[in-house]
There are 2 protein chains.
Amino acid sequence: MLDGVSKRKTREEILELSVPLFGRFGYDGVSMRNIAGAVGLTPAALYYHFSDKQQLYLDVVACEFRKKTTVLAGSIEGTESAWARLENFVEDFARLLAKDKNFLRLLQWVLLDSDETRQHELAKQVFTELFAAVYHLAEELDADRDAHQLAISIIGLVMFTYQAGTARQFMPGYRTQQNQPDAVARHVCDLLRTGLGSHP
Amino acid sequence: MLDGVSKRKTREEILELSVPLFGRFGYDGVSMRNIAGAVGLTPAALYYHFSDKQQLYLDVVACEFRKKTTVLAGSIEGTESAWARLENFVEDFARLLAKDKNFLRLLQWVLLDSDETRQHELAKQVFTELFAAVYHLAEELDADRDAHQLAISIIGLVMFTYQAGTARQFMPGYRTQQNQPDAVARHVCDLLRTGLGSHP
DNA sequence: GTCTATATAAGGATAGAC
DNA sequence: GTCTATCCTTATATAGAC
């Protein structure tokens with residue numbers, strides 16, 4: 001087990017098994033002991049693979065986002081009309097958030113990070129690609145509107161639905177069906193298309 | 001200092017000075033020592049006013065939300081048209097989030113709470129009034145749409161703008177002016193009114 | 001009401017054996 | 001590569017003096 005292959009394999013296992021922990025409890029809510037326990041190692045072994053807790057966390061988040069957002073950025077591109085690509089993106093984004101709670105929560109943790117430098121580093125590394133794709137789509141969709149604000153609105157409409165997911169259950173008018181990605185996507189796209197009060 | 005008045009006064013001081021701490025660092029990121037230091041007491045003194053850390057946190061959040069959301073719920077009511085009340089609410093909400101970072105962050109912490117029971121308790125106590133008001137407004141605004149989804153969308157459009165605030169700075173098209181409450185409110189209301197691509 | 005002192009557990013991190 | 005053992009710091013919480 002002294003070879004580089006095993007080293008890489010264990011490293012990736014640590015990263016993978018840390019995702020649900022950091023996703024659920026956040027940086028301060030997870031200890032090196034917790035992670036070691038989940039992986040089946042002693043805390044000391046973690047320090048062979050990562051210099052310290054913060055580096056482990058950064059690698060976990062960066063790795064998870066690289067895996068999940070490249071798919072999304074792909075769904076925005078293509079030769080179809082801007083509207084068709086918007087619908088693709090909104091649907092894929094909703095599907096991802098509905099399926100992968102850890103991804104959604106890691107995203108929220110990054111937005112709440114108390115360490116400004118760390119947040120900036122992560123935000124740049126993690127959001128930029130996705131945001132830029134939505135931004136360009138927003139420019140195409142409505143040249144007269146502020147593309148930055150519009151991109152935020154598109155992302156926010158989808159994200160907030162799932163972000164409020166657990167709290168929404170106690171609010172009036174809640175139905176489980178509202179959590180289904182296609183229902184969310186339909187609502188969001190419909191709202192963006194026609195606005196309020198003037199649809200068939 | 002043995003009288004009940006002083007007791008209440010110190011208690012309120014603890015609650016008030018805890019807001020920025022819990023707002024910035026979250027439940028796990030704040031220690032009783034931190035709070036005691038901020039108030040100018042020893043940690044032991046805190047246990048005279050609160051049974052434990054969790055109770056202190058719950059009281060901080062509940063107290064802060066009661067103070068800030070009653071104003072908002074007021075801005076939704078009135079005799080004006082549904083649209084006028086929507087504009088009032090969106091503007092007041094944006095103003096609150098822009099001004100009071102701690103309130104926004106406490107809200108996010110509640111949505112991320114890893115303790116389900118605690119989250120449910122807080123969510124019910126803290127969101128219900130505001131959500132119900134927006135929900136009823138949503139029913140008036142567009143009877144054909146799902147009022148729950150619409151209420152979430154209205155709240156989400158405003159909230160996500162500020163939630164992404166610190167990360168947005170590194171994204172294309174960012175301008176500080178986009179953080180101003182009236183600019184946010186204008187964008188949101190305009191988007192809700194006409195949707196994309198069909199405005200003057 | 002607040003303090004000092006302390007019990008007890010848990011945290012990050014390292015040294016050195018294997 | 002991973003372990004055992006350990007150091008040092010920090011955490012929540014309590015007991016009892018003042």
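Below, read A as the first sequence line, B as the second, and so on, with proteins coming before strands; counting in each chain starts at 1.
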For A/Y27, all residues meeting ring-ring contact (aromatic ring centres under 6.0 Å, His included), sequence neighbours excluded | A/Y57
OP1, OP2 of D/dC3 versus side-chain N and O of A/T42: anything below 4.0 Å?
-> yes
The side chain to side chain contact (heavy atoms under 4.5 Å, CB included) partners of A/A82 (sequence neighbours excluded) come to A/R85, A/L137, A/E140, A/L141
Donor-acceptor list for residues 102-113 of chain B side chains, cut-off 3.5 Å, not counting sequence neighbours:
residue	atom	partner	partner atom	Å
B/R105	NE	B/G23	O	2.8
B/R105	NH2	A/L112	O	2.6
B/R105	NH2	B/R24	O	2.8
B/W109	NE1	B/F22	O	3.2
B/W109	NE1	B/G23	O	2.8
B/D113	OD1	B/D115	N	2.9
B/D113	OD1	B/R118	NE	3.2
B/D113	OD1	B/R118	NH2	2.8
B/D113	OD2	B/R118	NE	2.8

Between P of D/dT6 and OH of A/Y47, the distance in whole Å = 19 Å
When rounded to the nearest 0.5 angstrom, what distance separates CZ in B/R168 from CZ in B/R175?
-> 11.0 Å
For the pair A/H148 and A/F131, name the ring-plane relationship: parallel under 30°, tilted 30 to 60°, perpendicular over 60°.
-> tilted
Residues from residues 19-35 of chain A lying under 4.0 Å of DNA chain C - heavy atoms = A/V30, A/S31, A/M32, A/R33
Phosphate-side-chain proximity, B/Y48 and C/dT2, N/O vs OP1/OP2 below 4.0 Å = no
Step through the shown structure and confirm whether more than 12 heavy atoms of other residues, nucleotides or ligands are within 6.0 Å of CD on B/E16.
-> no
So, with a heavy-atom separation below 4.0 Å from DNA chain D, the residues of residues 49-64 of chain B are B/D52, B/K53
Scan residues 51-63 of chain B for pairs that pass salt bridge (Lys or Arg N to Asp or Glu O under 4.0 Å), counting only residues two or more places apart or in two chains.
-> B/R11-B/D59
Give the rounded distance in Å between these two atoms: CG of A/L41 and P of D/dT2.
-> 6 Å
Would you indicate whether B/Q119, at its atom CD, is surrounded by more than 12 heavy atoms from other residues, nucleotides or ligands within a distance under 6.0 Å?
-> yes
